[in-house]
J.: 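Got a structure here, written out as structure tokens. Questions coming.
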Amino acid sequence: RFVVPDLHVIHRSLILLSFCVRDFFVGIAMEKSGEESKSMSGTCYCGKVVISVQRIPMSCSICHCSTCRSLTGASFSTQALYKSTNFECNTKEEDLWKIDTSKNVRRLRCRDCGSPVFGVLKGNIFVVPKNLKWQDVDRKTLDAVFEPKHHMYYADRSMDIHDELPKYAGTSFPGRAVLWTADCRK
């Protein structure tokens, strides 16, 4: 018996593969050019909280979870993930307001202006929003650093996004990620 493959699933798999291949070669090119070791600094709205990160994040996502939407007031949040060795915050702990939004996620804001400045996953991965006030970084570089690799919690979205990025129904964590399809609608 011949089974016809689902072309939609094959198409999404090829798109995902193409992003992985692209990211691999972009990472090699940035490493050879020295871009990976360059850092950039950003601040909250009032400038009291300053963070520095290396230009090459572990990943960059567009998150549609209800918590990100509630805490930012936006339809989604674009953020990059950094290892602790590629992240630095030169702000006193008492200048940060903390909220634990789950057992694995702590989010931090400037105590003075209320801007979201970063989050911490499982105590050692730092989540940095794109919409900080970045210092001495041109728009082209900022867009390259924060180029999204996928959508996550797309099943919880407040609006449809029409792009070719992989869309995960929930988490994008390897081994637990499930690609979103029209059947995933709530």
J.: Checking the side chain of Thr91 only, and the main-chain atoms of Val50 only, is there a donor and an acceptor separated by less than 3.5 Å?
T.: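 Side chain of Thr91 to backbone of Val50, a donor-acceptor pair under 3.5 Å: yes, one is there.
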J.: Whether the side chain of Tyr154 engages the backbone of Ile161 through a donor-acceptor N/O pair (distance < 3.5 Å, no angle test) should be reported.
T.: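 Yes; at least one donor-acceptor contact below 3.5 Å.
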J.: Taking only Lys NZ, Arg NE, NH1 and NH2, and the carboxylate oxygens of Asp or Glu, determine whether Arg69 and Asp156 approach each other closer than 4.0 Å.
T.: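 No, no charged N to carboxylate O under 4.0 Å.
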J.: Does NZ or CZ of Lys122 lie under 6.0 Å from the centre of the six-membered ring of Phe173, at an angle within 45° of the ring axis?
T.: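 Yes - Lys122 lies over the ring of Phe173, closer than 6.0 Å to its centre and within 45° of its axis.
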J.: Which pair of heavy atoms, one from Ser59 and one from Lys149, lies closest together, and at what distance?
T.: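 Answer, listing the atom of Ser59 first, then Lys149: OG-CG, 4.1 Å.
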J.: Which residue in the set Met40, Lys140, Lys38 passes side-chain contact (heavy atoms from CB on, under 4.5 Å) when paired with Val145?
T.: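 Filter result, single survivor: Met40.
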J.: Does Val137 offer a backbone N or O that forms a donor-acceptor pair with the side chain of Thr141 under 3.5 Å?
T.: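 Judged by distance alone, no pair lies under 3.5 Å.
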J.: As a quick check of understanding, evaluate side-chain contact (heavy atoms from CB on, under 4.5 Å) for His64 and Lys167, giving each step before the final call.
T.: CA-CA 10 Å; His64 298 268; Lys167 294 172 174 69; over 6 Å; no
J.: Do the non-hydrogen side-chain atoms of Asn104 and Leu121 ever get within less than 4.5 Å of each other?
T.: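 A side-chain contact under 4.5 Å is absent here.
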J.: In plain terms, say whether Asp95 and Arg111 are close enough for a salt bridge, that is, a side-chain N and a carboxylate O under 4.0 Å apart.
T.: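 No salt bridge links Asp95 with Arg111.
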J.: Compare every heavy atom of Ser115 with every heavy atom of Cys44, then report the nearest pair and how far apart it is.
T.: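 In this case the closest contact between Cys44 and Ser115 is CB-CB, 3.7 Å.
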J.: Mind telling me whether Phe146 and Trp134 have parallel, tilted or perpendicular rings, with 30° and 60° as the class edges?
T.: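 Geometry flag for Phe146 against Trp134: tilted rings.
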J.: Regarding Ser52 and Ser39, is there a side-chain donor-to-acceptor distance under 3.5 Å anywhere?
T.: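 Not at all, the side chains of Ser52 and Ser39 share no donor-acceptor pair under 3.5 Å.
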J.: For the residue pair Leu132 and Thr43, what are the closest heavy atoms and their distance?
T.: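 Closest approach of Leu132 to Thr43, heavy atoms only: CB-O, 3.6 Å.
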J.: Give a yes/no verdict on a cation-pi contact between Lys83 and Phe126, requiring under 6.0 Å between NZ or CZ and the six-membered ring centre and an angle within 45° of the axis.
T.: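 Pair Lys83/Phe126 does not count as cation-pi.
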